[in-house]
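Taking it in order: structure first as structure tokens, then the write-up.
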Amino acid sequence: MIELTDIAYVRSGVADLDRAVRFATEVVGLEHVGSDEVGVAHLRADARHHCLAFVEGASGVIASAFTVADEDALALAETELETRGFHVWRGTAEDARTRRVGAVVGFDDPFGNRLELVCAQQSLGRPVVPGRASGITEFGHLCLDAPDVAEAHRFFSTTFNARASDWIGDAACLMRIDEVHHKLAVFRGDHPGLCHVNFQVAELDDVFRNWHHLQDLGVEIEMGPGRHPQSGAVFLYFLGPEGLTYEYSYGVRRITDEAAWRPRFFDPAERGSIDMWLGPTQKPITQPQLLPEGVRP
Ligand SMILES: O=C/C=C/C(C(=O)O)=C(/O)C(=O)O
Ligand SMILES: [Fe+2]
């Protein structure tokens, strides 16, 4: 069993790097962390050096990453994944440098989502300088697609320390790796990809202020504002460039009594199972998994 300690970052390929960065900063409110690297932009939401990296090239998610405790834990994880039959690649020093981590290994999950495990993710001590005052406090969670959500849960809960917090029938499983209700979610989708990235905001007012702001800018609102009965969070999903769905949310539940929590089962066909405020619901748009020619493994 490999212990994931946190989510680390998402790497996403974009054909128009400037547009993607402008949206992430001026619309979403992330910080663009400057560097001398060409063709890569790092976006920051919290103490992590970055939680989103845009890589100039073909559009599509490149990888979603999680942290493990240290270099020893990473080496053990590499061995364990190989024992379980996964083809694991170990990143070079340059791979680790551009990710601002001590070391990185990668592999494809059974559904074709490329995952990376990292140790020693770099923190920045200086305060975040948001591109806009959207109230973001933290990279909250990431959500992947898989054709069989129960299988995905089986994979993540037996290979890793992920636990189901709640189920939405066979449409979604929300999983925790610490006290936060979910840092990883899997939604049912025919193809691998990134369903959305979530950012927590400081106040309920931020969700609504951001909603008005996004509408004024003509940004496509995919769902919300509403309240999820699972985490209890007030949410807003919207579409960024190149098919990347962002979510703001406020008020996510923390599961502090691990022994007492029992996952709940919601029927996606029942009204209110996704939005307690009974607004229109739809699955967020997924950014497909990118597997360019020549990319390992
Ligand atoms: O469709 C249900 C989504 C639930 C939640 C939640 O409870 O907060 C999410 O954030 C999500 O997985 O997107
Ligand atoms: Fe979400």
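When a ligand or atom number is given, it counts from 1 through the structure's own listing order.
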Side chain proximity check, His196 to Gln287, heavy atoms < 4.5 angstrom: no
With His182 as partner, the option from His141, His228, His153 fulfilling ring pair (Phe, Tyr, Trp, His ring centres under 6.0 Å) is His141
Using side chain to side chain donor-acceptor pair (under 3.5 Å) as the criterion, point out the one residue from Arg264, Arg262, Gln230 that pairs with Asp166. Arg264
For Thr281, which part has a heavy atom under 4.0 Å from ligand 1: side chain, backbone, both, or neither? neither
Please determine if the Fe ion (ligand 2) has an N/O/S atom from His196 lying under 2.8 Å away. yes
Are any of the N/O atoms in His196 less than 3.5 Å from those in ligand 1? yes
I'd like to know if Asp148 pairs up with Arg154 as an ion pair, taking the criterion as any Lys NZ or Arg NE/NH1/NH2 lying under 4.0 Å from an Asp or Glu carboxylate oxygen. no
Charged N-O contact under 4.0 Å between Asp6 and Arg48: yes
Options Phe187, Tyr237, Phe266, ranked by nearest heavy atom to atom 13 (O) of ligand 1, top entry: Tyr237
State, with a plain yes or no, whether a side-chain heavy atom of Leu244 is found less than 4.5 Å away from one of Phe54. yes
With only distance considered, is His182 within less than 3.5 Å of ligand 1 through an N or O on each side? yes
The Fe ion (ligand 2) -> Glu247, closest N, O or S atom is OE1
Is it true that some N/O/S atom of His141, main chain or side chain, lies under 2.8 Å from the Fe ion (ligand 2)? yes
Residue-ligand contact Asn198/ligand 1, heavy atom below 4.0 Å: no
